[in-house]
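Since the structure comes first, as structure tokens, the remarks are kept for the end.
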Amino acid sequence: IPTGLIITDPSCKIQLWNRAAEILTGYTAGELVGKEECTILHLTDERNQPLPFFQENDCRAPEMNLSESGTVYFTTKSGQRIPCVIYIASMRTISEQTGCIILFSDISREKEIERMKTEFVSLVSHELRTPLTAIKGFADTLLRPDIVLEEAAKTQFIRIIQEQSIRLTRLISDLLDVAKIESGKMQMRWAKISLPALVDRVVGTFRGLTTIHQFVRDIPANIPEIIV
């Protein structure tokens with residue numbers, strides 16, 4: 001990841017604007033070096049509110065990491081807001097400050113990975129809840145003393161509990177496989193799946209959980225198997 005480097009003098013006049021800063025922002029060194037343009041990054045927080053630092057081209061600031069309190073964004077020449085990690089440090093002699101150094105990096109990829117992980121956890125939580133709900137529902141029904149079930153119904157309930165237990169085990173196994181995928185050790189295998197059979201299993205699971213809903217199976221005839 002390229003790191004933008006900006007060096008200013010005590011009056012906030014830009015002395016150095018490196019190549020990475022040019023790539024990240026779209027501004028060239030020729031446009032900014034020698035000018036008091038510390039506000040050119042237009043630093044904002046996650047609510048798009050301006051950060052107090054550098055709002056008035058004031059470089060008299062202590063050493064700080066502006067990203068510690070949350071995501072910081074800089075604005076490119078084209079107006080795009082980019083999440084970044086930004087670090088600012090003052091340069092000084094024994095008696096006075098001689099300028100400051102600003103280092104910043106684009107963390108768009110990291111933010112996207114974070115978003116995907118959040119969505120993944122949400123999806124997995126939902127997927128885990130479905131078989132658990134089915135298992136609990138059918139088990140509670142079997143244990144209720146006020147409900148008399150025929151042997152065929154009991155067998156069907158137990159079969160569904162078994163199927164959902166297998167599904168739950170498979171989901172947990174998939175979670176463990178994520179670590180293998182990230183480490184590059186996961187080997188993918190293609191398999192044929194019958195869509196009508198898959199729908200029948202899902203409908204069978206939920207049909208036993210309700211007495212007030214009807215399920216309609218509408219699948220085209222002769223639908224081919226799919227490869228997943």
Side-chain angles (χ1 to χ4, degrees), residues 1-93 96-128 174-175 177-186 188 228:
I1 299 176
T3 298
L5 170 64
I6 306 170
I7 298 178
T8 74
D9 65 13
S11 64
C12 216
K13 187 178 294 183
I14 295 175
Q15 302 298 306
L16 174 67
W17 187 274
N18 76 343
R19 177 57 181 160
E22 292 182 326
I23 295 172
L24 291 170
T25 66
Y27 293 101
T28 65
E31 293 177 274
L32 300 175
V33 170
K35 300 179 181 179
E36 296 181 2
E37 290 288 358
C38 288
T39 60
I40 199 70
L41 292 178
H42 300 294
L43 300 178
T44 55
D45 60 19
E46 292 183 288
R47 297 174 297 173
N48 202 19
Q49 296 299 309
L51 296 178
F53 188 69
F54 280 170
Q55 294 311 305
E56 299 179 355
N57 280 333
D58 183 5
C59 289
R60 296 169 298 177
E63 184 173 306
M64 64 179 72
N65 182 350
L66 294 182
S67 306
E68 287 182 340
S69 58
T71 303
V72 174
Y73 294 79
F74 68 88
T75 305
T76 67
K77 187 176 183 179
S78 63
Q80 183 181 5
R81 294 178 70 233
I82 305 292
C84 67
V85 172
I86 184 165
Y87 182 81
I88 301 170
S90 60
M91 298 187 299
R92 61 177 62 249
T93 63
E96 62 179 355
Q97 181 172 332
T98 59
C100 73
I101 298 176
I102 306 167
L103 296 170
F104 65 103
S105 298
D106 181 355
I107 57 170
S108 297
R109 177 175 173 78
E110 288 80 355
K111 294 292 289 185
E112 177 64 14
I113 292 173
E114 182 180 329
R115 183 192 64 79
M116 292 172 63
K117 285 184 176 180
T118 300
E119 290 183 355
F120 176 75
V121 170
S122 177
L123 176 63
V124 168
S125 298
H126 174 75
E127 290 296 319
L128 289 175
D174 289 344
L175 282 176
D177 287 342
V178 171
K180 294 181 181 179
I181 293 174
E182 290 181 343
S183 64
K185 298 179 180 178
M186 183 67 179
M188 307 299 290
V228 297

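A quick note: this is a predicted structure, and the numbers were derived from the prediction, not measured. FYI, the numbering just counts along the sequence from 1. Computed from heavy atoms alone, side chains included, the values below leave out hydrogens, waters and symmetry copies.
Atom OG1 of Thr25 and atom CG of Asp106 lie 11.5 Å apart (nearest 0.5 Å). Atom CD1 of Ile40 is separated from atom CH2 of Trp17 by 6.5 Å, given to the nearest 0.5 angstrom. To the nearest 0.5 Å, atoms SG (Cys12) and NZ (Lys35) are separated by 14.5 Å. Separating the CZ atom in Arg81 from the OG atom in Ser108 is a distance of 11.0 Å, to the nearest 0.5 Å. Within the model, atoms CD1 of Ile88 and CD1 of Ile101 stand 11.5 Å from one another, a figure rounded to the nearest 0.5 Å. Atom OG1 in Thr98 sits 9.0 Å away from atom CG in Asp9 (nearest 0.5 Å).
Taking every heavy atom of both residues into account, Leu41 and Phe104 meet most closely at CD2-CZ, 4.2 Å. Nearest heavy atoms, Lys111 versus Thr71: NZ-OG1, 3.0 Å. Taking both residues in full, the closest heavy atoms of Met91 and Thr8 are given as CE-O, 3.8 Å, listed atom of the first, atom of the second, then distance. Heavy atoms only, all atoms of each residue included: Asn18 and Thr3 are closest at ND2-O, 3.2 Å. When all heavy atoms of Tyr27 and Leu32 are compared, the closest pair comes out as CB-CD1, 3.6 Å. Heavy-atom minimum distance, Pro83 versus Tyr73: N-CD2, 3.4 Å.
Just one of Ile6, Leu43, Ile107 meets the side chain to side chain contact (heavy atoms under 4.5 Å, CB included) condition when paired with Ile86; it is Leu43.
With hydrogens and angles disregarded, no donor-acceptor distance shorter than 3.5 Å links the side chain of Ser105 to the backbone of Val85. Under a 3.5 Å cut-off, the side chain of Thr118 and the backbone N or O of Glu114 do form a donor-acceptor pair.
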> After noting the C-alpha distance and the side-chain angles of Arg115 and Glu112, does the key distance pass the salt bridge (Lys or Arg N to Asp or Glu O under 4.0 Å) rule?
Replying inline: CA-CA 5 Å; Arg115 183 192 64 79; Glu112 177 64 14; 2.4 Å; yes
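Using a 4.0 Å cut-off between charged nitrogen and carboxylate oxygen, Arg19 and Glu22 count as a salt-bridge pair.
The shortest distance between side-chain heavy atoms of Leu24 and Ile82 does not fall below 4.5 Å.
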